[in-house]
Amino acid sequence: MAEFFDGGLAFGQYLIAFVLVLSILVFIHEWGHYYVARLCKVKIESFSIGFGPEIFGFTDKAQTRWKFSIIPLGGYVKMYGDADPASMPSEAVAKMTEEERRDSFFHKTVAQRSAIVFAGPAANFLFAIGVFLVMFMTVGETFTPARVSSVVPDTPASEAGLQPGDLIMKVDSNTIDRFEELQQVIRINAGDEVMLTVERQGSIIELPVTPAVRIIDDGFGGKGQIGFLGVHSPSPPARIGELEADSPAAQAGLTVGDLIVEIDGDLVHSATEVVNAVEDRANETVTLTILRDLDPDVIGPNSAPADATPIFIDLAVSALEVPAADDAAQTDSQTENDAPPQFIGTFPGISWSPLPNIHRVYSNPFHALYRAVAETYNIGANTFKAIGQLVVGDRSVKELGGPLKIARISGDVAQQDVMALLHFMVLLSINLGLINLLPVPVLDGGHLVFYGIEALRGKPVGLKAQEYAFRVGLALVLCLMIFATWNDIVQMFGIGA
């Protein structure tokens, strides 16, 4: 367990981080129920963070008991007429006076009860939107064009025909504006064919591709499944940003702004590829193919206009002495001082231009709100799809994490910074909202199903039927929690590894 809860924090501190994070999210969820219930004039008997015996609390003027309970794995709002925290109607409901019915949850209209139940998950989504809204205005977002820098051989990307310089505009119907969005969509589509809409040298083409299934270490002792495409994000182009006047490159005729697209006839798509291409060619002369006077957005040969005129320049590769790799490579008769010098090829005096269009974007309030809603929706949609993959068996149930894993992540992100902790809380809040909307009795989604049936048939579902359904639902939820906790224990102690 000590290895599972590591990173410089004691187990107790991980527990504090876990309780703090979960308590805040549970409070937000239950506050949604509480707030809308009060709007509908429902009497609230208790508002609890946690289950089981009360640790401490207080009673307000409206006679609502606000309390913390001993088991910090959820919470509830107990309304007037509830028999238990799961909102099963008590036997007293049928015997209430007219005055008591006005305060009772079960004597409100279907629409009011549905609004009260839905308000819990809605509060979790609104929390996520609110945090994103503030983050996008104050911290901003990194914007990286979804342009392919390089393609890894023998991957789905290479088999589909993607090329360096391609700008990915859509994945199926999902518009892609940033490389980060491409990563999100590909990760959740492991093994599922998607259609890429790509811009290549001014033409729009469509390429079907099936992201490979890659099993990765999730960083917390478990394994996770993600989709893998096989493309690299844009890297600085092979464009000269600064040039020393007396350097060999300047004397050979290169100027600031020149874009190198070939070395001895071989295409290069970035400054990194140029550096790698000449590393083993010290003291040799190479022929550079360059393009001049291009738009800054042109970052490689595949994005260059077809009518661009190439210029050919011969340039000697200089030799740069570097330290020996390590002492083990030396023979017994050599010492560190008499080891033979090592050289790599380089182009001295050249500084490369930074990648254009990679910057941090700060949104105004209206655009930040749009982005916050869109990001919350995207995370929710991907989470919902992952749940579906678990149900149909396309994703391993071993990926399910329980309270121990949440405690581990809470403690780890708490060590980083406030933004990392907030982002984790947003993800957890969206998951909490979605899980509660599943049509399982005892969850909010199960209640909404009953209210939908009531609206269609004109009368409530029978109490016996509700009671049996809630028992089944409670059993399902408990089994799921036990299974997820077992997964945590397996990962914690390496059982079966």
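Not measured: the values here are computed from a predicted model.
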(request) Report the C-alpha distance between Leu229 and Leu162 in whole Å, list the side-chain angles of each, state the deciding distance to 0.1 Å, and finish with yes or no for side chain to side chain contact (heavy atoms under 4.5 Å, CB included). (result) CA-CA 10 Å; Leu229 190 58; Leu162 277 169; 4.2 Å; yes
Would you indicate whether the side-chain heavy atoms of [Y] and [X] approach each other to under 4.5 Å?
| X | Y | answer |
| --- | --- | --- |
| Leu421 | Val21 | yes |
| Ser318 | Pro248 | yes |
| Leu254 | Leu288 | yes |
| Val275 | Thr346 | no |
| Thr289 | Ile260 | no |
| Leu448 | Ser114 | yes |
| Val194 | Pro211 | yes |
| Pro365 | Met137 | yes |

Is atom [atom1] of [X] surrounded by more than 12 heavy atoms (other residues, nucleotides or ligands) closer than 6.0 Å?
| X | atom1 | result |
| --- | --- | --- |
| Tyr35 | OH | no |
| Tyr377 | OH | no |
| Asp295 | CG | yes |
| Phe343 | CZ | yes |

Contacts of [X] that satisfy ring pair (Phe, Tyr, Trp, His ring centres under 6.0 Å) - sequence neighbours left out:
| X | result |
| --- | --- |
| Phe136 | Phe132 |
| Phe127 | none |
| His269 | none |

Roughly how far, to the nearest 0.5 Å, is the [atom2] atom of [Y] from the [atom1] atom of [X]?
| X | Y | atom1 | atom2 | result |
| --- | --- | --- | --- | --- |
| Asn276 | Ile344 | CG | CD1 | 10.0 Å |
| Ile350 | Glu244 | CD1 | CD | 10.0 Å |
| Ile176 | Glu181 | CD1 | CD | 5.5 Å |
| Glu375 | Met135 | CD | CE | 9.0 Å |
| Leu133 | Leu126 | CG | CG | 11.5 Å |
| Ile290 | Thr255 | CD1 | OG1 | 6.0 Å |

Can you name the closest pair of heavy atoms from [X] and [Y] and give their distance?
| X | Y | result |
| --- | --- | --- |
| Ala160 | Pro208 | CB-O, 3.5 Å |
| Asp258 | Gly253 | OD2-O, 4.3 Å |
| Ala245 | Ala250 | O-CB, 3.4 Å |
| Ala157 | Val231 | CB-CG1, 3.5 Å |
| Gly241 | Ser353 | CA-OG, 3.1 Å |
| Leu294 | Arg239 | CB-NH2, 4.3 Å |

For [Y], does its backbone N or O pair with a side-chain atom of [X] as donor and acceptor, under 3.5 Å?
| X | Y | value |
| --- | --- | --- |
| Ser158 | Thr155 | yes |
| Asn382 | Ile379 | no |
| Asn364 | Phe366 | yes |

(request) Test Ile129 against Leu369 for side chain to side chain contact (heavy atoms under 4.5 Å, CB included), laying out the working first. (result) CA-CA 7 Å; Ile129 291 171; Leu369 178 60; 4.1 Å; yes
(message) Testing the 3.5 Å rule here: is there a donor-acceptor pair between the side chains of Thr287 and Asp314?
(response) yes
(request) Mind checking side-chain contact (heavy atoms from CB on, under 4.5 Å) for Val278 and listing every partner two or more places apart, or none if nothing turns up? (result) Ile263, Val317, Phe347
(request) Identify, with sequence neighbours excluded, every residue that meets side-chain contact (heavy atoms from CB on, under 4.5 Å) alongside Asp154. (result) none
Atom pairs and distances, side-chain donor-acceptor, residues 422-444, under 3.5 Å, sequence neighbours left out:
residue	atom	partner	partner atom	Å
Ser429	OG	Asn124	O	2.9
Ser429	OG	Asn124	ND2	3.2
Asn431	ND2	Leu427	O	2.7
Asn436	ND2	Leu432	O	3.0
Asp444	OD2	His29	NE2	3.1
Asp444	OD2	His33	NE2	3.4

(message) Working note: Leu182 + Val171, criterion side chain to side chain contact (heavy atoms under 4.5 Å, CB included); need CA distance, chi angles, decisive distance, verdict.
(response) CA-CA 8 Å; Leu182 173 65; Val171 179; 3.8 Å; yes
(request) Kindly determine whether Asp264 and Arg281 satisfy salt bridge (charged side-chain N to carboxylate O under 4.0 Å, His left out), including the steps that lead there. (result) CA-CA 12 Å; Asp264 285 344; Arg281 307 180 72 171; 2.4 Å; yes
(request) Give the intermediate values and the outcome of side chain to side chain contact (heavy atoms under 4.5 Å, CB included) for residues Ile168 and Val148. (result) CA-CA 8 Å; Ile168 300 176; Val148 177; 4.1 Å; yes
